[in-house]
Amino acid sequence: MYKNRNDMSYRIFVINPGSTSTKLAYFEDEKKLCEENVFHDSSELAGFASAYDQLDFRKQMILGFLNENGIDLHGVDAIVGRGGSTATINSGVYEINDKLLEDTRNKVTGVDHPANLGAPLARELAAEYGGIALMVDGPKVDQFTDEARITGIDGLYRGSSLHVLNLRGTAQLHCRRHGMKYEDSNFIVCHIDGGMSISAHDHGRMVDGTNNALGEGPFTPTRIGALPVQAAVEYFGGSGAMKVGDACTRSAGFVSHFGTSNSDKVHGMVEAGDPKAVRVWNAMLYNICKAIGEMAVVLSGEVDAIICGGGLLRFDDLCDYIKKRCSWIAPVYFYPGEVEHEAMAAGALRVLRGEEKPQVYTGIPVWSGFKD
């Protein structure tokens with residue numbers, strides 16, 4: 001069992017619920033001692049009317065994971081849950097309080113996703129085993145500039161809903177490896193996977209980025225990406241917001257073109273020389289690079305590095321394409337996969353070591369409109 005530790009080390013447990021799995025990790029300080037991605041069969045989840053109804057099901061699965069891996073959480077220092085559908089917040093670490101749980105349960109931003117279970121699961125387990133319950137860089141972090149919010153429709157504003165945890169975590173990983181300070185640097189940071197976020201980071205603040213879940217940025221294996229508005233209205237016709245929303249998150253991209261979201265399958269078609277697959281694959285890469293160029297303009301061309309993370313970096317031709325198109329802007333670095341668990345544990349460590357004070361969630365959005 002993971003019981004023995006030095007007096008100066010901290011024990012941290014991370015809970016990261018996703019749509020088809022629950023990712024779990026156990027740390028002592030920065031060292032990850034155990035990690036597992038527990039998949040849930042679609043038939044198991046089909047009986048739940050909403051993501052929140054899965055709370056007890058996921059908790060029992062976590063308890064099974066702890067038992068199978070001989071992990072005794074009694075006396076744990078912190079339990080970190082992935083953030084969900086809260087009001088917009090500042091970046092950083094939040095202690096999970098009653099208001100955060102209430103807003104997550106009520107889906108105040110309208111998103112019904114299993115990520116909403118991260119905070120209540122962390123709070124319940126912390127009540128049973130000890131330690132503080134925390135949320136780190138939830139998906140509703142919003143640091144956009146005023147210019148980034150305005151659209152051509154009065155009262156219709158852009159907001160931040162990106163892969164914040166992985167974006168900031170990958171940027172901070174890059175800084176640690178290269179002796180840089182996140183707060184002193186300008187980065188374009190990209191999360192490239194089934195969903196994508198291309199973002200501009202100005203001295204530690206994510207000031208703009210593509211909201212892929214609402215139809216911005218490049219199309220992806222499952223998402224629609226940016227479209228000409230009038231053409232989209234004509235295409236969808238009277239289908240309504242539900243079909244549009246579905247296309248924004250899960251039924252477009254590769255799914256629309258090939259009937260599958262399996263990137264390995266589509267890339268295999270590319271390697272076999274299938275003309276349509278080559279055309280669509282290259283168009284996706286082209287749009288990724290176009291979005292990177294937009295973020296370079298946001299930063300006035302003062303870019304210290306272009307930092308890319310995410311699962312699709314396993315394809316060498318994708319990395320080569322981005323480097324060829326974008327290296328004139330700034331050096332390009334690739335960090336395949338995700339660093340969400342490391343970022344969550346690092347946030348907890350900063351609090352436990354007294355380097356950062358956890359913020360208080362109030363439910364008041366960090367931005368709710370212009371006053372004049």
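Basis for what follows: all heavy atoms, side chains included, without hydrogens, waters or symmetry-related copies. From a predicted model like this one, the values you see are computed outputs, not experimental measurements.
Residues satisfying the salt bridge (Lys or Arg N to Asp or Glu O under 4.0 Å) test with Arg123, not counting sequence neighbours, are Asp98.
Distance alone, capped at 3.5 Å, places no donor-acceptor pair between the Asn186 side chain and the Asp304 backbone. In this structure a side-chain-to-backbone donor-acceptor pair under 3.5 Å is present from Ser160 to Val141. For the pair Asn166 (side chain) and Val339 (backbone), a donor-acceptor distance under 3.5 Å is present. Side chain of Tyr182 to backbone of His203: no donor-acceptor contact under 3.5 angstrom is found.
His174 and Tyr333 share no donor-acceptor pair across their side chains, judged by distance under 3.5 Å alone.
In summary, Arg168 and Asp137 engage in a salt bridge, as defined by a charged side-chain N under 4.0 Å from a carboxylate O. Note on Asp274 versus Arg279: no salt bridge recorded, every NZ/NE/NH1/NH2 to OD/OE distance being 4.0 Å or above. Salt-bridge check for Glu30 with Arg353: passed, with a basic side-chain N closer than 4.0 Å to an acidic carboxylate O. Ion pair Arg158/Asp208 flagged as a salt bridge, since at least one NZ, NE, NH1 or NH2 atom sits closer than 4.0 Å to an Asp/Glu carboxylate oxygen.
At least one cation-pi condition fails for Lys31 and Tyr26: the charged atom is not both under 6.0 angstrom from the six-membered ring centre and inside a 45 degree cone around its axis.
Within the structure, the salt bridge (charged side-chain N to carboxylate O under 4.0 Å, His left out) test picks out the following pairs touching residues 319-341 (sequence neighbours left out): Lys23-Glu338.
Below 30°, between 30° and 60°, or above 60°: for Trp367 and Tyr157 the angle between ring planes is above 60°, a perpendicular geometry.
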